[in-house]
2 protein chains.
Amino acid sequence: MAYISAYAPKRATILQVAKDAGVSKTSVSRYLGEGRRLLSEPMQKRIAQSIERLNFKPDRIASSLRGRRTRLIGMVVTDITTPYTVQIMRSIENAFYQRGYTLVVCNTDSDPELEANHLQVLQSYNVEGIILHTSSGLGDTLGSLQRDHAPMVLIDRTIEGAELPCISLDNAQAMALGIEHVRQQGFHHLLYITQPLGGFSSREARARAFDDQLQHQHTLSGEQLELSDENAEATLIEALTRLLEQHHAPCVMCSNAKVALKTLRVLDKIEGIGKTGFITFDEEAWSPLVAGGITTIAQPADQIGERAATTLYRQLHEASPAAQSYSFPATLHIRRSTQTGAGEHTVTRQRASVAQGK
Amino acid sequence: MAYISAYAPKRATILQVAKDAGVSKTSVSRYLGEGRRLLSEPMQKRIAQSIERLNFKPDRIASSLRGRRTRLIGMVVTDITTPYTVQIMRSIENAFYQRGYTLVVCNTDSDPELEANHLQVLQSYNVEGIILHTSSGLGDTLGSLQRDHAPMVLIDRTIEGAELPCISLDNAQAMALGIEHVRQQGFHHLLYITQPLGGFSSREARARAFDDQLQHQHTLSGEQLELSDENAEATLIEALTRLLEQHHAPCVMCSNAKVALKTLRVLDKIEGIGKTGFITFDEEAWSPLVAGGITTIAQPADQIGERAATTLYRQLHEASPAAQSYSFPATLHIRRSTQTGAGEHTVTRQRASVAQGK
DNA sequence: TTGTAAGCGTTATCAT
DNA sequence: ATGATAACGCTTACAA
């Protein structure tokens with residue numbers, strides 16, 4: 001059960017390089033870091049050669065210990081399986097890579113306990129900062145955080161009671177964009193299907209925006225459906241069937257791609273595609289292809305990621321950590337699924353007539 | 001431009017705990033690790049209390065330095081945007097998390113140079129092992145690797161000249177599964193669309209399997225199309241149009257989901273959906289929804305990830321690193337897109353007749 | 001411009 | 001069963 005060292009031929013150390021070059025450790029260390037410009041030309045050359053000859057690579061772990069900078073950033077995410085999330089990850093990883101940082105990503109599968117654990121582990125590696133997409137709506141996270149945790153930036157979801165900057169979509173604007181489009185297309189009733197709010201600020205913001213904004217609509221009525229994971233299909237069948245029966249010119253709006261997928265499968269099953277309008281949050285690669293093309297409210301994932309990264313980076317490097325929350329506007333991708341006949345909406349009976357869109 | 005320390009109230013150290021508990025550093029360290037069972041009950045209790053009181057959390061960086069075990073695993077991936085890749089990541093992260101390791105994932109965007117850099121960075125953090133989905137088909141990676149790199153396991157793609165274990169799909173079996181299904185469904189011609197082979201073992205394996213296996217077919221002819229990123233659409237339009245014109249009972253097979261998406265968009269555009277069979281590698285969430293449901297050859301991403309993780313783990317902990325490559329069989333998900341009329345294939349003119357599948 | 005020496009927080013070795 | 005002490009590889013005062 002003993003541990004077998006993997007590094008058989010041990011890497012060269014700074015000391016060996018120093019000896020080889022006939023200089024001091026300090027000079028080598030200087031050469032590696034900021035202080036290089038302090039060194040004389042010949043010295044630089046000798047060190048460079050030794051480094052080359054010994055194939056020396058600095059050990060960041062040792063460097064971190066003494067230097068107090070790990071150049072590690074932690075990211076905790078609820079669901080690495082969501083393309084939107086992945087896109088944010090990607091842009092954050094990229095932004096930090098440029099700046100010499102390495103991103104450590106942990107997946108919580110929406111489990112607050114796992115989230116707490118991951119947060120602990122990240123701290124134990126002395127990550128310099130953390131980007132968190134929290135899976136605990138009600139601030140459980142705060143308790144599990146060390147009093148003196150690394151600087152942190154939230155994405156999408158705020159944490160109650162914490163004064164942490166949050167970068168997210170402008171949910172009110174996004175909802176307005178969607179509703180306005182639906183209205184313009186002449187739909188008369190809008191069913192908003194969302195995952196259970198569960199205390200998540202983003203879900204709540206959208207739901208609230210939906211209610212608020214429908215108050216001011218005259219030609220458009222609306223209702224919400226909270227779709228939990230259990231019984232999702234049965235619930236949807238019931239709700240969508242009723243929608244089709246009871247409403248003239250109905251439209252469905254989904255709170256994200258996951259919900260959209262479930263909804264579309266049920267719509268497909270009950271032959272409801274084309275009989276109702278359809279719009280959803282999240283633009284994905286398959287959006288143009290499903291049901292002849294679905295209209296989407298796209299989240300600017302790259303911008304959110306980029307901004308989260310720079311916000312965090314500033315916290316690390318600026319004296320006054322004037323951390324700012326920020327929300328970005330959504331974009332509308334209009335496709336067949338919200339297209340209606342000229343002005344007047346037509347309930348289409350045959351699927352063929354809603355056939356393939358662009 | 002000075003660095004502002006983020007850890008204002010410094011975390012407690014082992015030394016402080018030791019003092020607080022009135023014991024030696026060694027004992028505290030023992031308490032934290034394997035040696036806990038060597039300690040007496042009262043001692044354990046006292047240490048536990050001090051740890052609690054001081055909110056002590058061990059510093060893994062320091063521990064790594066002296067202990068020579070970082071409990072870090074590096075993973076380098078060509079495209080974090082691919083769901084298949086993400087699924088593998090997920091299962092690997094999970095497998096290692098169970099064992100107390102943390103996964104550091106780097107994305108190369110299929111850039112060999114980035115790959116080399118990431119590999120370097122990972123080594124500099126003394127990751128104990130590496131999982132690599134290489135973006136350099138022809139072994140450039142080898143050169144950039146340190147002579148004494150951490151144990152490594154490949155996924156999907158082998159590296160020429162390297163004796164590294166590779167966990168992947170059984171491409172020959174997968175192709176056979178697909179071709180056999182297509183044949184059984186009564187298609188007469190199969191167009192295989194793949195990304196440029198570019199020296200990648202997985203792509204090559206599939207392409208080779210395609211050629212080999214079609215040799216033995218009597219009722220089925222075939223051809224391959226290498227689709228590069230430039231001009232993809234124009235190329236596809238031309239190829240697919242020709243396919244529809246020149247062949248009776250044609251079918252299209254795509255080498256992965258990305259290619260499938262592009263192909264489907266073009267098929268959609270030229271109103272070709274339903275006029276040709278369709279089958280693709282990679283099962284995704286939208287597979288049942290697009291074009292009435294598409295038939296897919298699913299890769300067992302979870303198994304691949306799990307196996308890659310355990311293979312690497314063994315290399316770290318077993319004396320005889322009898323590292324084994326392994327390939328897993330694919331599964332077929334049959335849907336509308338390869339359904340034909342009873343036995344005899346019918347070239348369907350109306351889309352309605354290929355309408356929504358389950 | 002270069003070097004010396006003292007740590008960083010932990011684990012390993014060797015005593016007791 | 002417990003402790004003193006020396007590393008781990010690097011950075012950083014402080015000297016020269």
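All values below come from the heavy atoms of this structure, side chains included, with hydrogens, waters and symmetry mates left out. Just so it is clear: chains get the letters A, B, ... in the order the sequence lines come, proteins before strands, and each one is counted from 1.
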When the ring planes of A:Y313 and A:Y101 are compared, do they come out parallel, tilted or perpendicular, using 30° and 60° as the limits?
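It falls in the perpendicular class, over 60°.
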Taking B:I73 as the fixed residue, which of B:L316, B:L122, B:I92, B:V105 is the one that meets the side-chain contact (heavy atoms from CB on, under 4.5 Å) rule?
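Output: one option passes, namely B:L316.
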Checking side-chain contact (heavy atoms from CB on, under 4.5 Å) against A:I80, which of A:M75, A:M89, A:H133 comes through?
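The passing option is A:M89.
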For [X] and [Y], test the side chains for any donor-to-acceptor distance below 3.5 angstrom and give the result as yes or no.
X: A:S91; Y: A:N94; value: no
X: A:R11; Y: A:N55; value: no
X: B:Y125; Y: A:D59; value: no
X: B:T134; Y: B:E115; value: yes
X: A:Y97; Y: B:N107; value: no

At under 4.0 Å, does any side-chain N or O of [X] touch on OP1 or OP2 of [N]?
X: A:T13; N: D:dC8; answer: no
X: A:S29; N: D:dT11; answer: yes
X: A:S24; N: C:dG3; answer: yes

Specify the separation, in whole Å, of atom CD1 of B:I14 and atom P of D:dT5.
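Atom CD1 in B:I14 sits about 17 Å away from atom P in D:dT5.
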Grab the CZ-P distance between B:R71 and C:dT11 for me, whole Å please.
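Whole-Å distance recorded here is 10 Å.
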Inspect the surroundings of CZ in B:R157 and state if more than 12 heavy atoms from other residues, nucleotides or ligands are less than 6.0 Å away.
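Count over threshold, so yes.
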Does A:E52, at its CD atom, have more than 12 non-hydrogen atoms belonging to other residues, nucleotides or ligands within less than 6.0 Å?
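12 or below, so no.
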Between A:D79 and A:Y84, does the side-chain hydrogen bond (donor to acceptor under 3.5 Å, both in side chains) criterion hold? Intermediate values first, please.
CA-CA 10 Å; A:D79 186 5; A:Y84 165 67; over 6 Å; no
Could you name each residue pair satisfying salt bridge (Lys or Arg N to Asp or Glu O under 4.0 Å) that touches residues 22-42 of chain B, not counting sequence neighbours?
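Sorted pair list comes back empty.
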Could you list the residues that satisfy ring-ring contact (aromatic ring centres under 6.0 Å, His included) with A:F328, not counting sequence neighbours?
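Once residues adjacent in sequence are excluded, the partners of A:F328 under the ring-ring contact (aromatic ring centres under 6.0 Å, His included) criterion are A:Y326.
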Atom pairs, protein N/O to nucleotides 14-16 of chain D N/O, distance under 3.5 Å:
none

Would you list the protein and nucleotides 5-7 of chain C atom pairs, both N or O, that sit under 3.5 Å from each other?
{"residue": "C:dG7", "atom": "N3", "partner": "A:R66", "partner atom": "NH1", "Å": "3.1"}

Helix axis bend for the helix from C:dT1-D:dA16 to C:dT16-D:dA1 - C1'-based end axes, five pairs, 10° rounding:
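The value is 30°.
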Residues from residues 31-43 of chain B lying under 4.0 Å of DNA chain D - heavy atoms
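Contacts with DNA chain D under 4.0 Å: B:L38, B:L39, B:S40, B:M43.
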Base, sugar-phosphate or nothing for A:V23? Non-hydrogen atoms, less than 4.0 Å.
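Sugar-phosphate, backbone atoms only, no base.
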